[in-house]
Structures are given as C-alpha cells and as structure tokens.
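Quick caveat, the model's predicted, so the values are computed rather than measured. Below, each value reflects all heavy atoms present in this structure, side chains not excepted, and no hydrogens, waters or symmetry copies.
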Amino acid sequence: MPVLPDPNGPAELQDGLEDLETYDDLTLTGGALAAAAGVTLKRAHLTYVGLNDGFFRQLELIDARLTNCNLSNAEWPRASATRLLLEDCRLTGFKPVAARFDHARFVACHARYAIFENVIFRHARFEQCLLADTSFKGADLSGVVFADCDLTNATFKGAKLAGTDFRTSRIEASQIALDELRGALISPLQAIALLGSRTGAVVSDEA
C-alpha cells in the first residue's frame with residue numbers, strides 16, 4: 001500500500017522515507033513506511049501506519065507520537081527517541097535492541113515477545129501494556145514505571161532496576177530472581193507472592 005502524505009506534509013514521502021533524511025512536522029494517517037537507515041523524524045504524528053517487519057537502523061524520533069501503528073517484528077537497532085508517545089500500538093516481536101528512550105510513554109500497547117535488550121530508558125512509563133514473554137535483558141530500567149502492565153514470563157536478567165516501579169503490575173509470574181529486584185519498588189502482596197513462588201515458602205499468619 002503506498003504512503004499517502006497528509007496534505008500539509010512533505011510531498012517527498014510519496015516515494016517513502018529516504019536514508020539519512022530529516023523530516024519535520026510529519027503527519028501521516030494510514031499506509032505503510034518501508035525500512036530506511038539514519039532517518040530523523042521531528043514532531044511526527046503517525047496514525048494507523050504500518051512499520052511492521054521493517055529494519056530502521058539508527059532511527060531518531062524527537063517529539064513524536066505514534067497512535068494505532070503496527071511495529072510488529074520491526075527492528076530499530078540503536079534507535080534514539082526523545083519525548084516519544086506510543087498509544088495502542090502493536091509491538092509484537094518489536095526489537096529496539098541497544099536503543100535509547102528518553103521521556104517515553106507506552107500506553108495500551110500490545111508488546112508480547114518484544115525484545116528490549118540492552119535498551120536504556122530514562123523517564124519512561126509503560127501504562128496498561130501487555131508485556132508478556134518480553135525480554136528486558138541487560139536493559140537500564142532505572143526509575144521506569146510499569147503501571148497496570150502484564151509482565152507474565154517477562155525476563156529481566158542483568159537489568160538495572162533501581163527505582164523501577166512494579167507496584168501496580170503483574171510481575172509475580174515473571175522470570176525475575178529475588179536478588180534482581182534490589183532497589184525496585186514492589187507492593188507487600190507482590191513481595192509475599194514472589195517469596196512463595198521463588199522459594200517455595202508457605203506464607204501464613206496462623207500460629
């Protein structure tokens with residue numbers, strides 16, 4: 001499906017993104033964007049745009065908003081995103097390996113099997129996201145907030161979790177060791193459930 005640029009957007013997008021180009025004030029609704037390298041998108045708003053299966057090496061996003069977009073199995077190695085909002089996006093199998101997200105929000109995104117390995121997050125939030133079977137191996141999640149997220153079977157091996165807030169999310173069935181939670185914020189009920197599931201201890205207040 002060809003890309004149809006917004007009437008107020010740049011006409012050059014009729015032929016898709018070009019490598020090493022910068023696009024300002026880009027607004028797109030529908031269509032798909034083929035992979036490109038070294039692209040910078042500033043003040044972009046993409047709605048119902050297909051980015052799935054694309055290899056976007058060193059993509060840079062600044063003041064960008066993606067709504068109802070499909071990023072399934074897309075690869076964004078070493079991407080850089082500053083003030084990024086992703087709403088209701090499909091991120092199944094999304095691979096932003098070794099990327100950096102600064103002031104980013106992921107809202108109601110379906111990110112099962114996503115691979116956020118070695119990603120650096122700064123001032124980031126995940127809200128009401130499905131993150132089951134997701135890998136955060138080696139990621140820097142310091143201060144990240146997971147609000148009402150499903151982290152079933154997610155793995156955090158080698159991740160930095162100082163100040164990471166899990167208190168309202170489902171983390172009890174994740175692949176996380178007790179010693180990996182040092183510095184993270186969890187609720188009393190989560191602590192009890194994690195203690196029981198990781199050690200086999202029976203928690204009881206009966207004498």
Side-chain angles (χ1 to χ4, degrees), residues 1-18 21-36 39-97 99-116 119-134 136 141 144-151 154 168-169:
M1 184 175 183
V3 175
L4 300 177
D6 183 88
N8 297 318
E12 55 264 38
L13 274 190
Q14 291 175 344
D15 297 321
L17 298 175
E18 296 185 7
E21 281 292 334
T22 296
Y23 299 88
D24 291 315
D25 299 307
L26 174 63
T27 300
L28 286 176
T29 300
L33 289 178
V39 172
T40 297
L41 301 179
K42 295 182 179 180
R43 296 177 294 279
H45 187 189
L46 310 183
T47 306
Y48 292 106
V49 174
L51 299 160
N52 48 302
D53 300 308
F55 187 83
F56 293 85
R57 181 169 52 86
Q58 293 184 315
L59 175 67
E60 183 177 17
L61 296 162
I62 303 172
D63 295 314
R65 179 175 179 175
L66 279 64
T67 306
N68 292 112
C69 291
N70 186 0
L71 281 70
S72 296
N73 299 313
E75 297 186 49
W76 291 11
R78 300 191 180 280
S80 174
T82 303
R83 296 180 297 279
L84 171 66
L85 173 61
L86 287 88
E87 297 179 292
D88 296 299
C89 290
R90 180 166 292 276
L91 307 178
T92 306
F94 177 48
K95 303 178 187 69
V97 176
R100 182 183 178 96
F101 292 94
D102 194 343
H103 289 85
R105 287 179 63 203
F106 299 76
V107 181
C109 292
H110 189 294
R112 192 162 199 164
Y113 305 115
I115 300 176
F116 292 100
V119 172
I120 297 173
F121 292 93
R122 290 288 181 266
H123 310 288
R125 289 178 61 91
F126 290 84
E127 303 172 17
Q128 299 178 330
C129 291
L130 175 60
L131 297 164
D133 301 296
T134 295
F136 290 98
L141 295 162
V144 171
V145 176
F146 291 94
D148 297 313
C149 294
D150 184 351
L151 290 157
T168 62
S169 290

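For the pair F56 and V39, the minimum side-chain heavy-atom distance is 4.5 Å or more. Contact annotation: the side chain of L131 approaches that of F146 to within less than 4.5 Å [non-hydrogen atoms, C-beta and beyond].
The side chain to side chain donor-acceptor pair (under 3.5 Å) check on E21 picks up nothing, with sequence neighbours excluded. Not a single side chain to side chain donor-acceptor pair (under 3.5 Å) links R90 to another residue, sequence neighbours left out. D150 pairs by the side chain to side chain donor-acceptor pair (under 3.5 Å) definition with T152, not counting sequence neighbours. For T67, the side chain to side chain donor-acceptor pair (under 3.5 Å) partners at least two apart in sequence or on another chain are E87.
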Under 3.5 Å, which donor-acceptor pairs do the side chains of residues 77-86 form with other protein atoms, sequence neighbours left out?
unit_1, atom_1, unit_2, atom_2, d
R83, NE, D63, OD1, 2.4
R83, NH2, D63, OD2, 3.3

With a 3.5 Å cut-off and sequence neighbours excluded, list the donor-acceptor pairs that the side chains of residues 41-50 form with protein atoms.
unit_1, atom_1, unit_2, atom_2, d
R43, NE, D25, OD1, 2.9
H45, NE2, T47, OG1, 3.4

What donor-acceptor contacts under 3.5 angstrom involve side-chain atoms of residues 106-116, with partners at least two apart or in another chain?
unit_1, atom_1, unit_2, atom_2, d
H110, ND1, T92, OG1, 3.3
R112, NE, D133, OD2, 2.8
R112, NH2, D133, OD2, 2.9

Distance-only donor-acceptor hits, side chain of residues 119-127, under 3.5 Å, sequence neighbours excluded:
unit_1, atom_1, unit_2, atom_2, d
R122, NH1, D140, OD2, 3.1
R122, NH2, D140, OD2, 3.0
R125, NE, E127, OE2, 2.8
E127, OE1, R105, NH2, 3.2
E127, OE2, R105, NE, 3.2
E127, OE2, R105, NH2, 3.4

Let's go through W76 and F55 carefully: what are the C-alpha distance in whole Å and the side-chain angles of both, what is the deciding distance for side chain to side chain contact (heavy atoms under 4.5 Å, CB included) to 0.1 Å, and is it a yes or a no? CA-CA 6 Å; W76 291 11; F55 187 83; over 6 Å; no
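Separation of atoms SG (C89) and CG (N70) is listed at 9.0 Å; rounding is to 0.5 Å. Here the straight-line distance linking atom CG of L91 with atom CG of N73 works out to 11.0 Å at 0.5 Å rounding.
Closest approach of C149 and S169 over heavy atoms only: N-OG, 2.9 Å.
Residue pairs that meet the side-chain hydrogen bond (donor to acceptor under 3.5 Å, both in side chains) test with at least one member in residues 50-62, sequence neighbours left out, are T40-E60.
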